[in-house]
Amino acid sequence: MSDFSLEEMLRRDPRNEWIARNRLHPLHDTVLSAEQGERRGPSGLLRKDPHLVGFIGPNGIKRIDRADVFSSVGAELAGKKRSTEAKAVSLPWHIVENPAGYIMVVADMVGGRLTRHDKDILGLAHQLATEKAAVAVVLVCFGESKETQFDLAGVDRLIHLAGQEFNGFAPEARLAALEQIETQFYPDYWLFPDSVNGGADLASRLAARLGERPATQAWQVNGTQTLCRGASSSVDIRRATPRILMLLEECADAIDSTRHQALPLQIKPLAALKKSNGSSKMLDRGMIDVDASAVPLAEAEFILSAGNGIHNWNQFHAAAAALGATEGASRVAVDDGFMPRERQVGASGTWVTARVYLAVGISGAIQHMQGIGQCDKVVAINTDAGCDMVKRADLAVIADSDAVLAELTKLANAFMASKQQTSSKQGEKSDAA
Amino acid sequence: MMLDWLVPTLISVLLVLASIGAVRRINLWRAGQAEKVNMLAGLLAMPKRYLHDLHHVVDRDKYISRTHVVTGGGFVLAMVLVVCVHLFGVDSKILAWALLAALVMMFCGALFVYKRRINPPSRLSKGPWMRLPKSLLTFSITFFVLTLPAVGVLPEGFGGWLLTLVLSVLILMSLSEMLFGMTWGGPMKHAFAGALHLAFHRRPERFGGGRSTGLKPVDFGVGVSAKEVHGVAKPTDFKWNQLLGFDACVQCGRCEAVCPAFAAGQPLNPKKLIQDMVVGFAGGTDENYAGNPYPGIDLGHAKGEPNQIITDGLIHPDTLWSCTTCRACVEECPMMIEHVDAIVDMRRFLTLEKGETPNKGAQVLENIIATDNPNGYAPASRTHWAADQNLPVMKDVKQADVLFWVSDGAFDMRSQRILRAFVKLMKAANVDAAILGDEELDSGDVARRLGDDATFQSLAKRNLATLSTYQFNKIVTTDPHAFHCLKNEYGDFGSDALQNVEVLHHTMFLNRLVKDGLLQLEPFKGGKVTYHDPCYLGRYNGEYEAPRELLASLGIDVAEMERSKFRSRCCGGGGGAPITDIPGERRIADMRMEDVVSTGASMVAVGCQQCTAMLEGVVEPRPVVRDIAEILVGQLVEATSISVKEEVVHE
Amino acid sequence: MPPNINVVSLVSIGRHPQSGRARRAEQDGRAVELGLTMVGEALTVLHAGNPQNPVLRQYAGMGLPSLTVLDQASSCDAVSVLLRYLRKNPTDIVLTGVRAERGESSGMLPYLLAEQLGWPLVPKVAEIVSVQDGKADVLLALPRGQRRSVQVSLPFIATIDNAAPEARQSAFGPGSRALFSIQKGDNLADDAFMEWKISPAKPRPKRLKVVKAKTAADRMKAATAKPVGGGGKIMKQESPEEKAQAIFDLLLEEKVIR
Ligand SMILES: Cc1cc2nc3c(=O)[nH]c(=O)nc-3n(C[C@H](O)[C@H](O)[C@H](O)COP(=O)(O)OP(=O)(O)OC[C@H]3O[C@@H](n4cnc5c(N)ncnc54)[C@H](O)[C@@H]3O)c2cc1C
Ligand code: SF4
Ligand code: SF4
């Protein structure tokens with residue numbers, strides 16, 4: 001991918017150094033901008049050389065290229081990698097020594113990692129924390145965690161409830177834990193993502209238990225006032241900021257310029273939980289294996305859709321299976337009997353809301369387009385560069401469907417194989433809450 | 001002589017039996033709902049209705065029209081004379097000769113009927129109908145022979161007992177068919193029921209060249225008891241004269257031959273539908289039906305009773321939902337039976353009472369109720385298309401010469417091209433026009449055809465209320481469906497908003513502008529052009545000429561499709577059919593596009609946004625589809641800079 | 001499914017997203033649908049509010065012979081009056097929407113009821129598979145069409161997700177004939193709600209690109225740069241491998257391939 005991958009940079013490259021000194025060398029700019037601002041010392045340690053910021057322009061005057069125009073794409077990617085690492089080292093610490101108060105952020109942690117939504121809320125927690133002295137932002141999370149960057153996301157303290165009883169769908173156990181935290185720390189705020197990943201559910205339970213009236217769908221919050229969406233997002237409600245908040249995504253910027261302690265915080269044994277154990281009124285019986293192909297079109301997040309331009313149907317089904325996509329179809333494909341009727345997308349079929357809609361051999365008739373109006377990203381594979389689907393697409397490849405689907409299937413299979421290898425190596429078990 | 005008493009006895013016995021049958025049959029019809037008819041006027045008008053209106057329709061098939069006049073006329077005459085001569089024994093040579101002449105006439109006609117039945121087209125029903133020409137021949141021959149002695153050609157008592165016996169059997173056979181069968185459900189039933197049907201027709205306006213195509217409103221009024229079910233659930237929920245009308249069917253299958261849904265292999269056959277109605281109100285099964293079935297549905301499983309819910313065993317709902325309400329069947333039916341009324345009546349029950357509008361139907365109706373447009377767009381975005389059009393809005397100007405009824409095409413990007421083209425033409429002709437803007441609501445066409453008359457009536461009343469607050473002389477629309485509602489259906493709601501207002505389709509209006517020399521147009525130089533008659537402009541409103549004249553004014557010599565004008569084949573877009581979307585073997589629009597292609601045209605002109613959508617939904621390559629307004633705009637010579645010319649075909 | 005359980009569906013007045021007009025609420029409609037498939041006409045459909053509201057006829061049009069209305073001003077708190085009803089009338093399953101389409105839309109009502117009644121609450125239910133021996137098997141709807149099976153003991157409250165079967169069509173006739181059983185409500189004003197300021201929703205600023213802007217120049221660049229992947233990229237000349245790779249990269253970036 002790049003000539004400047006990390007491994008290479010660890011070694012000294014005499015040729016590069018020579019080019020860097022020779023400003024008439026054709027590669028001079030590239031080398032310089034790639035190395036901008038940092039150097040490995042002879043020991044391999046990262047050195048910051050302030051003099052090296054910028055480059056010498058053609059007239060011999062030193063320039064600082066803040067727009068980064070000289071870096072090639074590859075160098076940029078490598079540069080980004082390095083810069084996060086550099087930041088990891090250099091970000092200033094945000095330290096809360098003896099917290100006088102707490103803000104609890106209960107994260108969704110989909111797939112064991114902080115979601116963007118979680119991170120936004122951590123950002124918001126810090127905004128609220130600045131309004132008082134010595135308030136620690138505490139992340140509360142349940143189940144298995146694969147997150148490695150709590151410190152960079154703004155977690156001052158961490159309550160990680162990893163016990164078996166919190167896994168999967170365990171609202172009673174989780175609620176009991178939150179109650180325990182409530183009595184032990186009496187936090188200034190309880191912040192939850194207002195999400196379908198469990199955040200809204202848990203928050204509502206806690207609010208009902210504690211008898212607090214929460215703010216829901218909140219998107220602008222400070223210590224005194226909160227702005228919430230209401231009435232199916234058609235109105236804004238301005239109200240005093242309550243103690244329990246369910247927040248929308250993008251309610252604040254995530255933390256990106258400080259490093260936090262992420263110190264574990266202990267909670268006392270859960271008395272309430274012990275008591276209710278065994279007599280639980282809800283029993284999680286696990287996830288149902290829903291095959292991508294069985295997902296109703298309206299709920300599917302990734303649809304591979306076939307039109308009149310598909311000639312090899314076995315290949316199409318194979319591609320859908322390999323990509324883990326839900327199958328859709330244009331009406332012509334349905335009329336011709338290649339696809340069942342409930343797979344038809346469009347005005348007289350299903351209106352879909354997929355994140356990615358991959359349309360293969362579909363011309364993009366208006367009745368079809370009506371059905372995909374709410375899709376985030378549309379990708380088209382079509383032989384006709386002038387058709388409406390290509391015009392609508394975020395990415396369009398002009399090619400025969402056969403050839404591209406074959407390649408895609410290969411890529412998907414290779415990707416799955418490599419993933420299986422790594423996961424079997426690590427012996428990972430994943431259970432998305 | 002045995003024949004002397006046998007003939008009168010047989011005739012009188014069968015006449016009595018026929019009368020009993022007639023009373024029974026009439027009682028079956030009377031089980032239907034009350035409907036006010038001017039009986040006397042109807043009866044008096046009946047001969048003329050038969051000779052003029054019905055004959056006019058039958059005459060589209062010259063062979064059968066002549067055959068029918070000769071056979072039917074001969075029979076009626078002969079029967080009257082038979083009663084005089086053989087029953088009452090009127091001894092008159094003249095009458096007897098007249099009878100002989102009538103019988104000869106009938107015989108000749110019957111021969112042609114016979115000939116038609118040797119190799120009948122598939123649309124004709126077989127079964128008892130195959131027997132009918134033989135019965136007709138038998139009747140004429142038998143009574144011919146019987147009457148010969150009366151004119152003295154043959155001696156009395158000729159032929160002895162053998163001939164007497166043979167003749168008696170033949171008399172019995174033929175009279176059974178002709179008299180007994182007439183009222184007990186044989187093929188001759190059509191004569192009896194048909195005559196009365198013509199007299200008591202529910203739409204007398206149709207006779208004498210008139211047109212009556214608007215659906216009858218459901219009565220939701222105060223007089224309606226709270227328990228009453230809306231629409232037709234059981235055969236007896238039809239009006240009595242609708243039941244009578246079903247009985248008039250001659251199973252000629254002309255409706256079947258023109259039905260687009262039948263041709264597309266959807267489970268609808270209008271002839272079978274009418275026969276099933278008869279099975280329903282008379283009770284029984286469809287085992288004896290000898291015509292084509294509903295495509296994909298086997299015969300012999302349909303059972304009906306006068307008080308049984310029709311969709312529980314007699315007719316599958318899909319049959320009702322396949323109809324595009326194109327009225328081709330009604331237009332073709334020699335007995336002037338009203339299939340569309342019956343279908344929509346039954347749909348009303350399914351929608352209003354059972355809530356079983358299939359596929360997208362429920363959603364569309366819900367959208368119309370919540371947003372006044374079928375796709376659920378924000379009502380406040382109705383006028384967005386006209387943001388750059390500088391069109392006066394009635395709310396501001398209060399009056400205009402022309403009110404431009406925009407229709408729901410306002411929300412659809414393709415239809416907007418038609419709207420803009422029309423606006424441009426109006427501007428070029430300096431028409432004083434205004435729109436209702438966001439005050440306009442869906443016309444209610446789709447809701448009504450889907451059976452939701454409650455929503456239709458609510459929309460109609462609200463639209464009328466809006467219209468009544470403004471002054472205008474004409475209301476013009478590019479949408480034939482809205483045109484039909486405004487012109488033929490809004491009148492039932494006691495508003496004077498449209499009194500003294502001319503309701504026009506844009507092609508009619510544009511044609512006037514062109515004739516008045518208000519539009520400067522260049523001749524069209526593209527390829528061959530054909531024209532598709534929209535059902536709701538053509539059959540519903542009889543407008544076939546304005547669009548053709550407009551095309552002619554551009555120098556276009558329309559390459560007519562085989563099925564054009566009143567025989568135009570539907571595009572498949574009417575009656576909510578694209579919404580209920582009942583599967584068939586083909587798409588109606590594809591068949592229509594084949595009609596277009598077979599003319600060799602490279603462009604098909606239409607006058608309806610729905611037709612445009614349907615025909616453009618056919619996969620390419622295919623001829624281009626353009627509304628007439630779009631074609632005209634392409635040829636418009638603008639007053640200021642004559643050289644500026646828009647491209648006709650935008651691709 | 002045993003018909004001898006008492007199922008109550010709670011319904012509210014919805015709001016059409018485009019016109020803002022009152023309508024049958026999407027999820028409440030599904031709650032009625034689920035109730036009807038479970039126990040048919042034995043279902044109790046309960047509304048706290050104005051019995052004259054025509055939208056109630058839309059619910060009734062789903063084939064309900066009757067509808068119970070706890071008559072109170074629509075601005076009043078529904079929890080207490082519903083609680084009283086549920087305590088008085090034997091109930092096994094309460095079905096509600098996840099979130100109302102009007103008012104605060106907080107989704108708290110079912111939780112408050114569950115808390116007060118001490119019943120379990122199963123959130124975002126897609127299907128109630130069976131009810132047996134005082135326990136019900138339900139499927140919860142998770143994102144991306146996934147499902148989780150949960151066993152819950154009766155009585156319980158379930159909030160019904162959009163993934164549950166769509167509400168059947170509302171028919172005008174039965175809707176207009178249904179009888180309303182009207183009981184007196186509470187008229188406890190929701191004081192807190194009265195104090196809030198309500199205004200039409202302001203458009204929310206979109207998150208700027210995740211580019212970390214340390215300097216003015218970086219910010220400038222982030223603000224002016226073409227969004228990555230957006231703006232319809234078209235690939236013509238590349239080899240099929242490259243094209244497939246580009247698509248695959250997009251799928252990875254969008255996280256639809258995991
Ligand atoms: C009332 C109505 C409702 C309708 N509702 C719907 C609906 O709900 N959903 C719907 O989909 N349609 C609907 N239609 C039909 C719609 O108008 C179009 O006819 C249909 O969507 C076209 O399907 P298509 O794109 O698969 O076929 P085509 O239009 O034939 O397009 C095929 C495409 O495949 C491309 N292609 C051909 N060969 C290849 C190849 N080897 N590799 C890659 N690309 C190739 C071609 O360039 C072309 O763009 C409706 C139509 C009407 C009138
Ligand atoms: S109206 Fe048209 S579609 Fe309906 S039955 Fe008659 S011919 Fe067929
Ligand atoms: S309904 Fe009319 S057109 Fe159809 S078969 Fe009967 S008589 Fe003929």
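Values in this document were obtained by computation on a predicted structure and should not be read as measured data. A note on names: the letters A, B, ... follow the listed sequences, proteins ahead of strands, and every chain is numbered from 1.
Heavy-atom pairs under 4.5 Å with chain A were tallied for C:L139, C:L251, C:D161, C:V122; the largest tally goes to C:L251. No other option in C:Q116, C:E254, C:K255, C:R102 has as many heavy-atom pairs under 4.5 Å with chain A as C:E254. Between chain C and the residues A:A396, A:A207, A:G230, A:A412, the largest count of heavy-atom pairs under 4.5 Å involves A:A396. Among A:A406, A:A403, A:G286, the residue with the largest count of heavy-atom pairs under 4.5 Å with chain C is A:G286. When the candidates A:L283, A:L227, A:V295 are compared by the number of heavy-atom contacts under 4.5 Å with chain C, A:L283 comes out ahead. Ranked by heavy-atom pairs shorter than 4.5 Å toward chain A, the options C:D137, C:V138, C:T159 are led by C:D137. Among C:M108, C:R204, C:K236, the residue with the largest count of heavy-atom pairs under 4.5 Å with chain A is C:R204. Top candidate by heavy-atom pairs under 4.5 Å with chain C, chosen from A:V397, A:D400, A:V379, is A:V397. Interface remark: of the candidates A:G324, A:S234, A:A385, A:A399, A:S234 forms the most heavy-atom pairs closer than 4.5 Å to chain C.
Within the 4.5 angstrom heavy-atom criterion, only side-chain atoms of A:D194, from C-beta onward, approach chain C. Neither the backbone nor the side chain of C:P155 comes within less than 4.5 Å of any heavy atom in chain A. With a threshold of 4.5 angstrom between heavy atoms, A:P214 approaches chain C through its backbone and through its side chain. Both the backbone and the side chain of C:Q245 come within less than 4.5 Å of a heavy atom of chain A. Using a 4.5 Å cut-off between heavy atoms, C:R147 touches chain A through backbone and side chain atoms alike. With a threshold of 4.5 angstrom between heavy atoms, C:L154 does not approach chain A through any atom at all. Interface remark: A:A325 contributes no atoms to any contact with chain C (heavy atom separation under 4.5 Å). In this structure, chain A has a heavy atom under 4.5 Å from the side chain of C:P143, while its backbone stays farther away. Within the 4.5 angstrom heavy-atom criterion, no atom of A:A300 approaches chain C. Looking at A:L405, neither its backbone nor its side chain comes within 4.5 Å of chain C, counting heavy atoms on both sides. For chain C, the nearby parts of A:S204 are the backbone and the side chain; heavy atoms of each come within less than 4.5 Å. Residue A:V196 touches chain C through both its backbone and its side chain, counting heavy-atom pairs closer than 4.5 Å. Contacts between C:L113 and chain A at a heavy-atom distance below 4.5 Å are absent for every atom of the residue. Contact annotation for C:N162: neither backbone nor side-chain heavy atoms come within less than 4.5 Å of a heavy atom of chain A. Of the atoms belonging to C:K202, heavy atoms from both backbone and side chain fall under 4.5 Å from chain A.
Shown here is A:E212, whose CD atom has more than 12 heavy atoms of other residues, nucleotides or ligands within 6.0 Å.
The shortest distance between side-chain heavy atoms of A:T216 and C:R99 falls below 4.5 Å. With a 4.5 Å cut-off on side-chain heavy atoms, A:E407 and C:S239 do not count as touching.
Here the shortest heavy-atom pairing between A:I288 and C:S149 reads CD1-CB, 3.7 Å. Summarising the geometry of A:A208 relative to C:Y111, their closest heavy-atom pair is CB-O, 3.7 Å, with the distance given to 0.1 Å. Closest of all the heavy-atom pairs between A:V404 and C:A244 is O-CB, 4.1 Å. Nearest heavy-atom pair, C:A192 versus A:R213, reported as atom, atom and distance to 0.1 Å: CB-NH1, 3.6 Å. Looking at every heavy atom in both residues, C:R15 comes nearest to A:S232 through CD-OG, 4.1 Å. C:S105 and A:Q217 make their closest contact through O-NE2, 3.4 Å (heavy atoms, listed as atom of the first residue, atom of the second, distance).
Taking CD1 of A:I237 as the reference point, atom NZ of C:K197 lies at 12.5 Å (rounded to 0.5 Å). In this structure, OG1 on A:T409 lies 10.0 Å from CZ on C:F248, to the nearest 0.5 angstrom. To the nearest 0.5 Å, atoms CG (A:L206) and CD (C:E115) are separated by 9.5 Å. Between the CD1 atom of C:I247 and the CG atom of A:L408 there is a distance of 5.0 Å, given to the nearest 0.5 Å.
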Practice task
Decide salt bridge (charged side-chain N to carboxylate O under 4.0 Å, His left out) for C:E104 and A:R239; before the verdict, give the C-alpha distance in whole Å, the side-chain angles of both, and the deciding distance to 0.1 Å.
Solution key: CA-CA 11 Å; C:E104 193 185 350; A:R239 51 180 290 184; 3.5 Å; yes
Practice task
Output, in order, the C-alpha distance, side-chain angles, deciding distance and verdict of side-chain contact (heavy atoms from CB on, under 4.5 Å) for A:L411 and C:E241.
Solution key: CA-CA 9 Å; A:L411 283 172; C:E241 290 80 16; over 6 Å; no
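Checked against C:Q151 for a side-chain contact (heavy atoms from CB on, under 4.5 Å), the options A:K281, A:R285, A:M282 give a single hit: A:R285.
Under the 3.5 Å distance criterion, the side-chain polar atoms of A:R238 are left unmatched by any main-chain donor or acceptor of C:S199.
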